[in-house]
Structures are given as C-alpha cells and as structure tokens.
Amino acid sequence: MHDKKLITEILEQIYDATGEVLKRFEPIKSVNDFTDSEAGMEKLDAICMQLIAIGEAFKRLTKLQMTPFYQIILK
C-alpha cells in the first residue's frame with residue numbers, strides 16, 4: 001500500500017483548490033465579468049492556476065497508484 005498520509009495530503013490539496021475555484025466563481029455572472037476589466041482577467045488567471053494545480057495533483061495520485069485515477073474511482 002502506498003503512503004496513506006501522502007495520498008491524504010494530495011486529496012486535501014485537491015479539496016482546498018476546488019473550494020478556491022468555487023469561491024472565486026461566486027461573483028461571476030457572465031464571461032464578460034472576466035474579459036471587461038483587468039481585475040476580471042486576474043480572477044480568470046487565478047481560477048486557471050487552481051485548475052492546473054488540481055490537474056497536477058491528480059497526476060501525482062495516478063503516479064502513486066500506478067493506475068489512472070478515473071479507473072480507481074470507477075471501481
């Protein structure tokens with residue numbers, strides 16, 4: 001079995017990053033909220049960085065498990 005502590009830590013990072021994405025999306029009502037101002041573009045950048053972090057965390061989990069993560073979930 002792999003290091004449960006490391007896997008738990010990675011899952012917590014995914015959970016936290018997902019919460020940040022949801023929090024940053026709250027005031028967004030349309031795509032124009034991102035594109036009409038510098039602050040909107042910065043918010044879009046911040047959301048994208050969190051999504052990248054989530055993807056990287058899933059890649060780390062897959063490497064630890066040596067099985068694609070979606071196959072683990074679907075079992």
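Starting from 1, each residue takes its place in the sequence as its number.
We find that E26 and K23 are not joined by a salt bridge, their nearest charged nitrogen and carboxylate oxygen being 4.0 Å or further apart.
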| task | Test I47 against F34 for side chain to side chain contact (heavy atoms under 4.5 Å, CB included), laying out the working first. | result | CA-CA 11 Å; I47 290 169; F34 288 128; 3.9 Å; yes
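Closest non-hydrogen pair, A17 versus I54, comes out as CB-CG1, 3.5 Å. Across T35 and M41, no two heavy atoms sit closer than the pair CA-SD, 4.0 Å.
Rounding to the nearest 0.5 Å places CG of L11 at 5.0 Å from CG of L61.
Although no hydrogens or angles enter the test, the distance criterion places no donor-acceptor pair under 3.5 Å between the side chain of R60 and the main chain of I10. Under a 3.5 Å cut-off, the side chain of D16 and the backbone N or O of Q13 do not form any donor-acceptor pair.
Connection of F25 to I14 is established within a shared hydrophobic cluster, with ILVMFWY side chains joined at heavy-atom distances below 4.5 Å, either directly or through further cluster members. Taking hydrophobic clusters as Ile, Leu, Val, Met, Phe, Trp and Tyr residues chained together by side-chain heavy-atom distances below 4.5 Å, F58 shares a cluster with L51.
Under the salt bridge (Lys or Arg N to Asp or Glu O under 4.0 Å) criterion, the residue pairs touching residues 34-59 are E56-K59, with sequence neighbours excluded.
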